[in-house]
Amino acid sequence: MPLIVMCGYPCSGKSRRAQELKAYFEESAGRKVHIVGDGGLDVEKNVVYADSQKEKNVRASLKAEVERKVNRDDLVILDSLNYIKGYRYELFCLIKHAQTPHCLVYCITSDEQSSLWNTDRDIAERYTQDIFDGLVQRFEAPDSRNRWDNPLFTVLKDDTLPFEVISDALFKRKAPPPNQSTQSQPLSSANFLYELDKITQDVLMAIFDAQKTSVPGDRISVPGATEKMELTRSINMAELRKLRRQFITYTKMHPAANTGQIANMFVQYLNKSSMK
């Protein structure tokens, strides 16, 4: 079922609004509501937000928890800062894959008001001033013109949540259609992935070994392919592996009709890529 993404400065009232939404949908609609947030991870916020890698890990954990809980029956509310537009886009891709609607609830406060609410908290729940200021400075405000921030509901501190409008946006609106980057594609055969991995690795090693006795301008024969690798320059193993990973990712999304085409397709891809 749908996802509600809370957004706003630290101490802007997101958790209070999340609880209000939970109560409304449980009481008026009889729906089961899950709130996913930093509190459930048992982490120290001042430690996490002082370290970019730890913060990244927390965002990944929250996203994974949302993905686990999104289903056909329940409503999920993500109660976190969600202040990075790239992260909100990742959440949008997640709901496209799950084929369920979402909306964004943006709690708008001034940094002065949020800072005051922060100082009113218990010391254990409080952001240090440096961390608070850094988060406010890095905050990327949502924009309804971006499809991942739409529909967007902005709420001031004294506003009443527009519950019915939010409900209509979630339950009377079609989910965004999945695209090729979010929708799993059927594989041509049961052993397609195995053959894809094996064939591309064989081609890779054949080209790497042939380069030892070849010069630019040579055409290298590749096992299992009628196409030949056109050696326009020397390609090291790191670059070959990178091109192989890119080809595998693409081919998983656009599987060949039969595995006999893989070697030729890979050689064609390498020829095109090596000329860039």
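Just so it is clear, the values below take in all heavy atoms, side chains as well, and ignore hydrogens, waters and symmetry mates. All residue numbers refer to positions in the sequence shown, counting from 1.
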Tabulate below the donor-acceptor pairs under 3.5 Å that side-chain atoms of residues 153-164 make, not counting sequence neighbours, or state none.
residue, atom, partner, partner atom, Å
Asp159, OD2, Leu156, N, 2.9

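- In this structure the side chain of Arg59 never reaches within 4.5 angstrom of the side chain of Glu90, judged on heavy atoms.
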Can Arg219 and Leu231 be said to form a side-chain contact (heavy atoms from CB on, under 4.5 Å), step by step? CA-CA 6 Å; Arg219 302 178 78 236; Leu231 191 64; over 6 Å; no
side-chain contact (heavy atoms from CB on, under 4.5 Å) for Leu75 and Lys32? Distances and angles first, verdict last. CA-CA 6 Å; Leu75 177 66; Lys32 187 173 183 180; over 6 Å; no
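- Met205 and Phe247 fall within the same hydrophobic cluster, defined by Ile, Leu, Val, Met, Phe, Trp and Tyr side-chain heavy atoms under 4.5 Å apart, directly or through other members.
- Contact record, Val66 with Leu78: CG2-CD1, 3.9 Å, taken as the closest heavy-atom pair.
- Counting all heavy atoms, side chain and backbone alike, Ala18 lies closest to Ile35 at O-CD1, 3.9 Å.
- By the 4.0 Å N-to-carboxylate-O rule, Arg126 lies too far from Asp122 to be salt-bridged with it.
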Evaluate side-chain contact (heavy atoms from CB on, under 4.5 Å) for Ile248 paired with Leu196, printing each intermediate quantity in order. CA-CA 7 Å; Ile248 287 176; Leu196 178 62; 3.9 Å; yes
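- Distance alone, capped at 3.5 Å, is enough to place a donor-acceptor pair between the Asn271 side chain and the Glu230 backbone.
- Looking at heavy atoms from C-beta onward, Lys45 lies out of side-chain contact with Ile131 at the 4.5 angstrom threshold.
- Of the inter-residue distances, the one linking Ile207 atom CD1 with Met237 atom CE reads 9.5 Å to the nearest 0.5 angstrom.
- The ring-ring contact (aromatic ring centres under 6.0 Å, His included) pairs that include a residue from residues 211-246 number zero, where partners must be two or more places apart or lie in different chains.
- More than 12 non-hydrogen atoms from other residues, nucleotides or ligands lie less than 6.0 angstrom from CZ of Arg138.
- Between Pro2 and His102 the shortest side-chain heavy-atom distance does not fall below 4.5 Å.
- Of the possible donor and acceptor atoms, one in the side chain of Thr200 sits under 3.5 Å from a partner among the backbone N and O of Asp197.
- Note on residues 25-58: pairs passing ring-ring contact (aromatic ring centres under 6.0 Å, His included), not counting sequence neighbours, are Phe25-Phe171.
- By the criterion of side-chain heavy atoms lying less than 4.5 angstrom apart, applied directly or through intervening Ile, Leu, Val, Met, Phe, Trp or Tyr residues, Val47 is not grouped with Leu62; the two fall into different hydrophobic clusters.
- The shortest side-chain heavy-atom distance between Val76 and Ile4 does not fall under the 4.5 Å cut-off.
- When all heavy atoms are compared, the tightest approach of Lys14 to Cys7 is CD-C, 3.5 Å.
- For the pair Gln19 and Arg16, the minimum side-chain heavy-atom distance is 4.5 Å or more.
- Looking at Val105 and Ile166, their side chains come closer than 4.5 Å, going by heavy atoms from C-beta outward.
- The aromatic rings of Phe266 and Tyr269 sit parallel to each other, their planes meeting at less than 30°, with 60° as the upper class boundary.
- Atom OG in Ser167 sits 7.0 Å away from atom NZ in Lys172 (nearest 0.5 Å).
- Arg173 contributes a side-chain N or O that, together with a main-chain N or O of Ala169, makes up a donor-acceptor pair within less than 3.5 Å.
- No side-chain donor-acceptor contact under 3.5 Å links Asn146 to the backbone of Asp149.
- Residues passing the side-chain contact (heavy atoms from CB on, under 4.5 Å) test with Arg68 are Ala64, Glu65, sequence neighbours excluded.
- Neither Tyr83 nor Trp117 shares a network with the other; the hydrophobic side chains, linked directly or stepwise wherever heavy atoms of I, L, V, M, F, W or Y lie under 4.5 Å apart, form separate groups for each.
- In this structure, a donor-acceptor pair under 3.5 Å is present between the side chains of Gln53 and Asn57.
- Between Trp148 and Tyr89, the distance from one ring center to the other falls under 6.0 angstrom.
- To the nearest 0.5 Å, atom CG of residue Leu94 and atom CG of residue Leu3 are 7.5 Å apart.
- With sequence neighbours excluded, the residues forming a side-chain contact (heavy atoms from CB on, under 4.5 Å) with Val136 are Tyr9, Pro10, Asp111, Phe132, listed by chain and number.
- The shortest side-chain heavy-atom distance between Ser80 and Met6 does not fall under the 4.5 Å cut-off.
- Partners of Asp218 under the salt bridge (charged side-chain N to carboxylate O under 4.0 Å, His left out) rule, at least two apart in sequence or in another chain, do not exist in this structure.
- Between the OG1 atom in Thr226 and the NZ atom in Lys228 there is a gap of 10.0 Å [rounded to 0.5 Å].
- Asn150 and Ser144 form no side-chain donor-acceptor contact under 3.5 Å, judged by distance and modelled atom types alone.
- Residues Thr109 and Ser114 have side chains that bring a donor and an acceptor to within less than 3.5 angstrom of each other.
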Apply side-chain contact (heavy atoms from CB on, under 4.5 Å) to residues Ile220 and Ser214 and explain how you reach the verdict. CA-CA 8 Å; Ile220 299 173; Ser214 303; 4.3 Å; yes
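- Counted by atom type alone, Gln129 and Asp133 present one or more donor-acceptor pairs between their side chains at under 3.5 Å.
- No donor-acceptor distance shorter than 3.5 angstrom exists from the side chain of Glu227 to the backbone of Asn264, with no hydrogens or angles considered.
- The existence of a salt bridge linking Lys63 and Glu67 is excluded, since no basic side-chain nitrogen approaches an acidic carboxylate oxygen closer than 4.0 Å.
- Salt bridge Glu239/Arg233: present, at least one basic N to carboxylate O contact under 4.0 Å.
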Apply salt bridge (charged side-chain N to carboxylate O under 4.0 Å, His left out) to residues Glu195 and Lys198 and explain how you reach the verdict. CA-CA 5 Å; Glu195 292 294 333; Lys198 181 178 182 300; over 6 Å; no
Worked verdict on Arg31 versus Asp74 for salt bridge (charged side-chain N to carboxylate O under 4.0 Å, His left out): CA-CA 6 Å; Arg31 298 185 182 278; Asp74 304 337; over 6 Å; no
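- Distance check: Gln246 CD to Thr249 OG1 gives 8.0 Å after rounding to the nearest 0.5 Å.
- Asp79 and Lys22 are not joined by a salt bridge, as no carboxylate oxygen comes within less than 4.0 angstrom of a charged side-chain nitrogen.
- Residues Leu243 and Leu270 meet the side-chain proximity criterion, which asks for heavy atoms closer than 4.5 Å.
- Interatomic distance, CG of Asn46 versus OH of Tyr127, reported as 8.0 Å (0.5 Å rounding).
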